[in-house]
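To keep things clear, I will list the structure first and then write my remarks on it.
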2 protein chains.
Amino acid sequence: MIPDLKYDDKGLIPAIVQDIKNGDILMMAYMNRISLEMTLETGFTHFWSRSRQKYWKKGETSGHVQEVKEILYDCDEDTLLVKVVQHGPGACHTGNRTCFYRSIQK
Amino acid sequence: MIPDLKYDDKGLIPAIVQDIKNGDILMMAYMNRISLEMTLETGFTHFWSRSRQKYWKKGETSGHVQEVKEILYDCDEDTLLVKVVQHGPGACHTGNRTCFYRSIQK
């Protein structure tokens, strides 16, 4: 059952995607109520694309899908943490395994 | 040097906070340009509180500060990942070590 979650003024909630095998953060994207339901129903991550204004199943064209193992929500009920098995070489469209491949130096 | 980042229409960027020791996601909060600078300057996480509309140093009253070890940003330059050493028992105001202590069941 989906708990009461706090969606933002656009109906979105950020979803952090974590590799369940090694704990790496793969990406962050946004879900709405329906894409969360799609994720729960299918067992694969689905998001709402803010730039394209449409639903997308992660890896639908590349095959690099994310198999959902656990979905957590935080104390404020306004952020999701999705633990997945990442299929294929990685999550990032750049070819990197994770979208967080650059660091900020002081 | 801080790279060009994409702040939202309120000047904020989500910052995922990860325990560098075990990879656990501790919390997510929002930074603006200045709180990111405060974080880089001091070596401890600083955020912008959307509810209180003010800057806050994490753990300022509780002592449960977060010592910053690395800050990464994603391919879209619109999300930060901050790897920290969490001081004290944990990050969550509920007393839990992490804010993500509840799961969603289908």
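Because only heavy atoms are used, hydrogens play no part in the values below, and waters and symmetry mates are left out as well, while side chains stay in. This one's a predicted model, so the numbers in the text were calculated from it and none came from an experiment. Each chain gets a letter, A, B and so on, in the order the sequences are listed, and its residues count up from 1.
- For the residue pair B:Y73 and A:S103, the shortest heavy atom distance occurs at CE2-O, 3.9 Å.
- The pair B:D76-A:R50 fails the salt-bridge criterion, with no side-chain N (NZ, NE, NH1 or NH2) lying under 4.0 Å from an Asp/Glu carboxylate O.
- Here the SG atom belonging to A:C99 is positioned 12.0 Å from the CG atom belonging to B:L72, to the nearest 0.5 angstrom.
- The environment of B:D9 atom CG is dense: over 12 non-hydrogen atoms of other residues, nucleotides or ligands sit within 6.0 angstrom.
- More than 12 heavy-atom neighbours from other residues, nucleotides or ligands sit within 6.0 angstrom of CD on B:E77.
- When hydrophobic clusters are built by joining Ile, Leu, Val, Met, Phe, Trp and Tyr residues whose side-chain heavy atoms come closer than 4.5 Å, directly or via intermediates, B:I34 is grouped together with B:L12.
- By number of non-hydrogen pairs under 4.5 angstrom with chain B, the leading residue of A:E41, A:E37, A:M27 is A:E41.
- Taking hydrophobic clusters as Ile, Leu, Val, Met, Phe, Trp and Tyr residues chained together by side-chain heavy-atom distances below 4.5 Å, A:I25 does not share a cluster with A:I13.
- If you measure heavy-atom distances from B:I16 to chain A, the contacts under 4.5 Å come from the side chain alone.
- Without hydrogens or angle criteria, A:Q18 side chain to B:G23 main chain gives a donor-acceptor distance under 3.5 Å.
- No more than 12 heavy atoms of other residues, nucleotides or ligands shown are found within 6.0 angstrom of CZ on B:R33.
- Side-chain contact between B:L40 and A:I104 is present, with at least one heavy-atom pair separated by less than 4.5 Å.
- By the 4.5 Å heavy-atom criterion applied to side chains, A:N96 and B:C75 are not counted as neighbours.
- Within a 6.0 Å sphere centred on NZ of B:K21, heavy atoms belonging to other residues, nucleotides or ligands number 12 at most.
- Distance check: B:F100 CZ to A:K83 NZ gives 10.0 Å after rounding to the nearest 0.5 Å.
- Applying side-chain contact (heavy atoms from CB on, under 4.5 Å) to B:M28 and the options A:T79, A:D74, A:L80 leaves one that passes, A:T79.
- Atoms OG1 and CG, on B:T98 and A:L81 in that order, are 7.5 Å from each other to the nearest 0.5 Å.
- A:Y7 and B:Y30 fall into different hydrophobic clusters, where Ile, Leu, Val, Met, Phe, Trp and Tyr side chains are chained together by heavy-atom contacts under 4.5 Å.
- Cluster annotation: B:V82 is connected to B:L5 through the hydrophobic network of ILVMFWY side chains, with a link wherever side-chain heavy atoms come within less than 4.5 Å.
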